[in-house]
**Q** 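Below you'll find the structure I mean.
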Amino acid sequence: MAGNAVRMAASELRRTLLQIAAAKLEVPADRLGCAFRRIYDTKDPERFLSFVDAVVAAESKHGTLSARGYYTPPKLAGNYKGSGVGPSPAYSYSACVADVSVDEETGRITVNKIVVAHDCGRALNPVNTEGQIEGSAYMGMGEILMEEQVFRGGLHKKPSLLDYKLPTSKDTPELEAILVETIDSEGPYGAKEAGEGPLNPVIPALANAVYDAIGIRFDETPITAAKVLDALAKKKARVGPDGLGGGHDPSRAMRRLRATTEKREQKRTGVS
Amino acid sequence: MLRLPRFDFATPTTAAEAAALLADPNAMAVAGGTDVYPKMKRRQFVPRTLVSLRRVVDGNISNGDGVRIGAGATLTAIAEHALLREQYRALADAASVISTPQLRNMGTLGGNLCLDTRCNWYDQSLFWRKAEGYCMKTHAEVVCRVAPSSARCLAVASADTVPALIALGATATIANVSGSRQVDIVELYREDGINYLGLARGDIVTEVRLPPARGWRSAYLKLRERGAFDFPIAGVAAAVRREGAEVVAARVAITALGSSPKRVDAASEALIGTRLEDEAIERAAEAVFAAARPMDNTSGTIAERKRAARVLTARTLRSLRE
């Protein structure tokens, strides 16, 4: 959404610069092209004004250059719990496949490969977007295998980056990023996001891979060697907080969610 | 950002000069500085004078009757040395898994031998330690925060080269104003987190000597959270000498499982006269397990580290079968 606002503001600035260039080059603005830091006559590309010169000239005429943009998403089709907080017109989607090995004698988990496919709408800069996806894969891996906020006696037990572990290059496997471009109708040039979205499937994929390897469900992070050893020794089927998962009927949770949402909607529309 | 405190930097050119400077209780020796400077930034100690050993000890590695390594040899030089990799494998492997390449380029063997004991109550910034009320290692009037009823500091021995050197039967040459002496590496250490080195003020480790390697094979395995950076949370070194398939001599040593590295003689006894069969290895691993005394002052859990003592011993010994 912010991308659309940026696009609008940038378009306004582009118009300003093209007007300046059109006047200077004595060429109609609609015949101008912009590339390689130049504003040039498409009929005679050697006739150009450099981007820098165009900006200087525009500033001389207008003062500091600025523009505003804004964007309002279209009205949502329905009511969703929490919809007021995130009125995004589009959502990105990601899938992840992870391959791990578990050393049952030490509890250590080795990640062999992570593949993440991310529907980013359009990858405006494909290399950059792949980098974002790989970074998300790395971050997800670190979260589920190493990162841990522990407090002892009121202070953080791991207050430095030596104690609070993040994976090193030695811990990080081959990361493969697959760009899925669905060209979203609401996104700027069809783009959606590639910020932290790709992170989401990585954590459950790794947990599922560990389950596939040793048959133990981990419903909490991090999955440390100590937890793996403990679960193996005690033949636990699941490691995680009480009251969640562990046999509770998921459709019961869905029914409760639906009932709460309907009640809120009735309250909102004054129906009882 | 943490800053160094002010200090004077002395660069003596002889061992005698260095020893004289180090007689001052406010002076500390520094070689590569990979542990000294970070600790000064955290104000774990604040020496008035740092005495550089760069011009006092050499870093040469030479072989004659066995191998002689100057205490100033960098960990990188040791890790990459062809003869050490081939005949004193445990030492080369141990050096190669310390920290990161950049720190191995600066860190020295002498520094690793004299490495400060570590604890996650002690190796923190001044800000954190002050908020926590410090601990026995820096403030004598405070109890040990790991085990409040402990009579002594429980900080952990954390050097990787030491168990390898113990397993290889190495000695260290120590020089001071009166002369020099040679000690078995294992004799250098004390089971005390504060007084962990049997060195007097003014003693300098100048070199390490390894006995001839004929017939010996060795290995070192380190347990740590990540593939780089981290100190050991368990470390096992093993060396065996075989005649044919039979083990005629063996040494097993551990680190990060107590305040001092230990040679586990019961493990050696379990191996001598055997052909490194599974049962023999299991008995040796059991002996190491019994000798391991991890406390809750590093990453990882006590159970995990104690277990690793057995697992790493079995794995190092199995690797020596061929």
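Just so we're clear, the structure is a prediction, and the values are computed from it rather than from any experiment. Lettering of chains follows the sequences in order, A, B, ..., and the numbering in each one begins at 1. All values below were derived from every heavy atom in this structure, side-chain atoms included, with hydrogens, water molecules and symmetry-related copies excluded.
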**Q** Kindly check if the number of other-residue, nucleotide or ligand heavy atoms within 6.0 Å of CD (Glu282(B)) is above 12?
**A** no

**Q** Could you list which of residues 128-163 of chain B have a heavy atom closer than 4.5 Å to any heavy atom of chain A, in residue-number order?
**A** Trp128(B), Ala131(B), Glu132(B)

**Q** Quick check: do Arg152(A) and Asn120(B) have side-chain heavy atoms less than 4.5 Å from each other?
**A** yes

**Q** If the contact rule is any heavy atom under 4.5 Å from chain B, which residues of residues 93-110 of chain A qualify, in numerical order?
**A** Asp103(A), Glu104(A), Glu105(A), Thr106(A), Arg108(A)

**Q** Heavy atom to heavy atom, less than 4.5 Å: which residues from residues 221-238 of chain B reach chain A?
**A** Leu223(B), Arg224(B), Glu225(B), Arg226(B), Gly227(B), Ala228(B), Phe229(B), Asp230(B), Phe231(B), Ile233(B)

**Q** For Arg315(B), which atoms come within 4.5 Å of any heavy atom of chain A: side chain, backbone, both, or neither?
**A**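 Answer is side chain: those atoms of Arg315(B) sit under 4.5 Å from chain A.
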
**Q** Can you establish whether the number of heavy atoms outside Glu196(A) located under 6.0 Å from its atom CD is more than 12?
**A**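 Counting other residues, nucleotides and ligands, CD of Glu196(A) stays at 12 neighbours or fewer.
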
**Q** Would you say that more than 12 heavy atoms from the other residues, nucleotides or ligands in this model lie under 6.0 Å from the CZ of Phe45(B), or not?
**A** yes

**Q** Among Asp163(A), Leu162(A), Leu155(A), which residue meets the side-chain contact (heavy atoms from CB on, under 4.5 Å) test with Gln124(B)?
**A** Asp163(A)

**Q** Around atom CZ of Phe151(A), are there more than 12 heavy atoms from other residues, nucleotides or ligands closer than 6.0 Å?
**A**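 It does: Phe151(A) CZ has more than 12 such atoms within range.
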
**Q** Sort out for me which of Asp230(A), Thr224(A), Leu166(A) touches chain B most, counting heavy-atom pairs under 4.5 Å.
**A**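 It is Leu166(A).
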
**Q** Would you mind checking which part of Lys157(A) comes under 4.5 Å of any heavy atom in chain B, side chain (CB onward), backbone (N, CA, C, O), both or neither?
**A**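 Contact with chain B involves both backbone and side-chain atoms of Lys157(A).
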
**Q** With chain B as the partner, which of Ala233(A), Ser169(A), Ala225(A), Ala226(A) has the greatest number of non-hydrogen pairs under 4.5 Å?
**A** Ala226(A)

**Q** Got a sec: does the CZ of Phe51(A) have more than 12 other heavy atoms crowding it under 6.0 Å?
**A** no

**Q** Just checking heavy atoms, which of residues 91-109 of chain B are less than 4.5 Å from chain A?
**A**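 So far as heavy atoms go, nothing in residues 91-109 of chain B approaches chain A to under 4.5 Å.
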
